[in-house]
*Asks:* 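The structure that follows is given in the form of structure tokens.
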Amino acid sequence: MAQYRSDLINTLTARGFLHQCTNLEALDAKAAAGPITGYIGFDATADSLHVGSLVQIMMLRWMQQTGHRPIALMGGGTTKIGDPSGRDESRGFLDDATIAANIASIQKVFGRFLTFGTGTSDAMMANNADWLDGLQYIPFLREIGRHFTINRMLTMDSVKLRLEREQPLTFLEFNYMILQGYDFVELFKRFGCTLQLGGSDQWGNIIQGVDLGRRVVEAELFGFTCPLITTASGAKMGKTAAGAVWLKAERLSPYDYYQFWRNTEDGDVSRFLKLFTVLSLDEIARLEKLEGAEINDAKKVLALEATTLLNGAEAANDAAETARKTFEQGGVGDDLPTIDVSAAELKAGIATWNLFHRAGLAASGGEARRLIRGGGAKLNDQKCDDENAMITDAAVVDGIIKLSAGKKRHALVKAI
């Protein structure tokens, strides 16, 4: 039986997205009465978002799927400052051309999850540079800055944690929450946006925007946050030994993306199926009952569904087939990550630790050495014992060398 009046709040709560909300009952009533517009902001600090942003993207998707209009707000303006939330140091400065290129690249990712257009529930992309770049400093301080007290700003986690760690917080970064609050007001005035969603680390910034809307435009605005996503073992979501899990195929292949989800810890499978796939809750309930070795079947479903959302069904099925060949048949899949090495270099020989590092199976030379010393490395399915042993063209079989780190991570070295 539905707990709430609106499909939006029922869906978000049932799938585990709810952490905090400024006035859940009123938001539920508003969403039940008709379509609402909500947004999430994304700064363009790289040419791709990573999987840590995926839970926010999925919230926008469910907004659209339940009949509401999502806005993906790109921080063309705020990227020039950098959000201090959760950071111990300032971000590097990016020029306008780099920010514009990053936004264009990121937009393609949103196109995988959202339908853009001009309809009532069609998604739209906005850029806060449209209103932030032209602000005049003194008028902005008089109109907006006067509604923010230093006393309250110092209590926000994004500021308080930096100060507690005795890390510098620049005056530039200190302004970030004022600009984010102003974004909310501008989106309300321009597009009737009444809801801001985000991660729990954004709660302080979000409620500042809600308060600003009440003070400046006498609008009832709402804030909704999702929990910080960590794994069952307590690790931050999306961090691996090889680095960030990017949402751009040019940065991370569909196969590696599939394997990221396939390697989900047992305790996370049910929760991740709800958050990161569009499977029905009934089907997820069926998968939740799997135990023992059968839980691997649920992990395969999670990997296939998540990869299909991002990369399409064909790429996801290819990744699943490559994984099947590699792990179930002991063969070499066609889509494994591959690096090219010249025949001349292989003839001379490459240190084992060096080749594992270059193939992306270790984040550093030291990590590669530890992998080999710990017995977790294989060359052509044979265990490697000597980190300094030279791998030569004698190891090439049918034009390739297969490297393995543990049972689930593999790469190919192609002799050219």
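Since the structure is predicted, the reported quantities are computational estimates derived from the model, not experimental observations. Residue numbers count from 1 along this sequence.
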*Asks:* Taking atom types as modelled, is there a side-chain donor on S6 or D28 under 3.5 Å from an acceptor on the other?
*Replies:*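 Yes, side-chain donor-acceptor contact under 3.5 Å.
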*Asks:* Spell out, as yes or no, whether a donor-acceptor pair under 3.5 Å connects the side chain of T307 to the backbone of L304.
*Replies:*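 Absent.
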*Asks:* Given the rule in the side-chain hydrogen bond (donor to acceptor under 3.5 Å, both in side chains) test, do Y176 and D43 qualify, once you have shown the distances and angles that lead to the verdict?
*Replies:* CA-CA 12 Å; Y176 191 93; D43 280 344; 2.8 Å; yes
*Asks:* Would you name the heavy atoms of W62 and L8 that are closest together and state the gap between them?
*Replies:*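 It is O-CD1, 4.3 Å.
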*Asks:* Give me the atom names and distance for the closest heavy-atom approach of Y258 to A316.
*Replies:*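 What the structure gives for the nearest pair is CD1-O, 4.4 Å.
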*Asks:* So, do Y39 and F184 have ring centers that fall under 6.0 Å from each other?
*Replies:*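 Yes; F184 has its ring centre under 6.0 Å from that of Y39.
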*Asks:* Just verifying a value: how many Å separate L60 CG and Q64 CD, rounded to the nearest 0.5 Å?
*Replies:*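 These two atoms lie 9.0 Å from each other.
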*Asks:* What distance separates R112 CZ from T308 OG1, expressed to the nearest 0.5 Å?
*Replies:*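 It comes to 10.5 Å.
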*Asks:* For T98, is there any backbone N or O sitting under 3.5 Å from a side-chain donor or acceptor partner on D95?
*Replies:*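 Side chain of D95 to backbone of T98: a pair is present.
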*Asks:* What I want to find out is whether R373 reaches D385 closely enough, with some N-O distance under 4.0 Å, to be called a salt bridge.
*Replies:*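 No salt bridge links R373 with D385.
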*Asks:* Exactly one of R409, K383, K378 should register a side-chain contact (heavy atoms from CB on, under 4.5 Å) with S404. Which one does?
*Replies:*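 Between S404 and the candidates, side-chain contact (heavy atoms from CB on, under 4.5 Å) is satisfied uniquely by K378.
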*Asks:* Is a donor from one side chain sitting under 3.5 angstrom from an acceptor on the other, for N102 and S105?
*Replies:*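 No pair is found: no donor N or O on one side chain lies under 3.5 Å from an acceptor on the other.
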*Asks:* Can you see which heavy atom on V341 is nearest to which on V413, and at what distance?
*Replies:*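 Taking every non-hydrogen atom into account, CG2-CG1, 3.6 Å.
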*Asks:* Between D211 and R152, is there a salt bridge with N-O shorter than 4.0 Å?
*Replies:*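 Salt bridge between R152 and D211, a charged N being under 4.0 Å from a carboxylate O: yes.
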*Asks:* When you check the side-chain N and O atoms of Q196 and Q202, is any donor under 3.5 Å from an acceptor?
*Replies:*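 On atom types as modelled, these side chains do not qualify, holding no pair under 3.5 Å.
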*Asks:* For S121, does its backbone N or O pair with a side-chain atom of R69 as donor and acceptor, under 3.5 Å?
*Replies:*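 No, the answer is negative, given that no donor and acceptor are paired below the 3.5 Å cut-off.
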*Asks:* So W261 and F276, would you call those rings parallel, tilted or perpendicular, with 30° and 60° as cut-offs?
*Replies:*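 Taking F276 first and then W261, their aromatic rings sit tilted (interplane angle of 30° to 60°).
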*Asks:* Please check if the number of heavy atoms outside E25 that lie under 6.0 Å from its CD is greater than 12.
*Replies:*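 Counting other residues, nucleotides and ligands, CD of E25 stays at 12 neighbours or fewer.
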*Asks:* Going by distance alone, is a donor N or O of one side chain under 3.5 Å from an acceptor N or O of the other, for E288 and S270?
*Replies:*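 Present: a donor and an acceptor within the cut-off.
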*Asks:* Would you name the heavy atoms of M74 and A44 that are closest together and state the gap between them?
*Replies:*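 So the minimum-distance heavy-atom pair works out to CE-CB, 4.2 Å.
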*Asks:* Which atom names give the shortest non-hydrogen contact between Q56 and G199, and what distance separates them?
*Replies:*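 So the two residues come closest at NE2-N, 3.6 Å.
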*Asks:* Between S200 and T225 (side chain of the first, backbone of the second, donor and acceptor by atom type, cut-off under 3.5 Å), is there such a pair?
*Replies:*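 Not at all, since once roles are kept as given, no pair shorter than 3.5 Å links the two residues.
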*Asks:* Do other residues, nucleotides or ligands put more than 12 heavy atoms under 6.0 Å from K30 NZ?
*Replies:*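 No, not enclosed.
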*Asks:* To the nearest 0.5 Å, what is the distance between CG (N354) and CD1 (I391)?
*Replies:*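 The CG atom of N354 sits 9.0 Å away from the CD1 atom of I391.
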*Asks:* Determine, for R251 against D47, whether the closest basic-nitrogen to carboxylate-oxygen distance falls under 4.0 angstrom.
*Replies:*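 Here R251 pairs with D47 in a salt bridge, since their nearest N and O are under 4.0 Å apart.
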*Asks:* Rounded to the nearest 0.5 Å, how far does CD of Q259 lie from CG of D256?
*Replies:*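 The distance works out to 7.5 Å.
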*Asks:* Is any side-chain heavy atom of I206 closer than 4.5 Å to one of Q180?
*Replies:*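 Side-chain contact under 4.5 Å: yes.
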*Asks:* Taking atom types as modelled and ignoring hydrogens, do the side chains of T78 and N128 form a donor-acceptor contact shorter than 3.5 angstrom?
*Replies:*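 Side-chain D/A pair, T78 to N128: present.
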*Asks:* Let's go through F42 and F110 carefully: what are the C-alpha distance in whole Å and the side-chain angles of both, what is the deciding distance for ring-ring contact (aromatic ring centres under 6.0 Å, His included) to 0.1 Å, and is it a yes or a no?
*Replies:* CA-CA 11 Å; F42 302 86; F110 284 111; 5.0 Å; yes
*Asks:* Could you give the distance from CZ (R271) to CD1 (I284), rounded to the nearest 0.5 Å?
*Replies:*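 Here the rounded value is 13.0 Å.
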*Asks:* Verify the distance criterion only: is there a donor paired with an acceptor across the side chains of R369 and N388 at less than 3.5 Å?
*Replies:*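 Looking only at side-chain atoms, N388 and R369 do form a donor-acceptor pair, the distance falling under 3.5 Å.
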*Asks:* Quick one: CG on L273 to CG on L302, what's the gap to the nearest 0.5 Å?
*Replies:*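 Going from the CG atom of L273 to the CG atom of L302 covers 5.0 Å.
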*Asks:* Do the charged groups of K289 and E283 touch, with an N to O distance under 4.0 Å?
*Replies:*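 Not counted as a salt bridge, because no side-chain N and carboxylate O are separated by less than 4.0 Å.
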*Asks:* Give the C-alpha distance, both sets of side-chain angles, the deciding distance and a yes or no for side chain to side chain contact (heavy atoms under 4.5 Å, CB included) between L24 and Y4.
*Replies:* CA-CA 10 Å; L24 188 60; Y4 298 97; 3.5 Å; yes
*Asks:* Could you tell me whether a side-chain N or O of T194 sits under 3.5 Å from a main-chain N or O of L221, the two making a donor and an acceptor?
*Replies:*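 Side chain of T194 to backbone of L221: no pair is present.
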*Asks:* Before we go on, tell me: are the rings of Y182 and F140 under 6.0 Å apart, centre to centre?
*Replies:*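 They qualify: ring centres under 6.0 Å apart.
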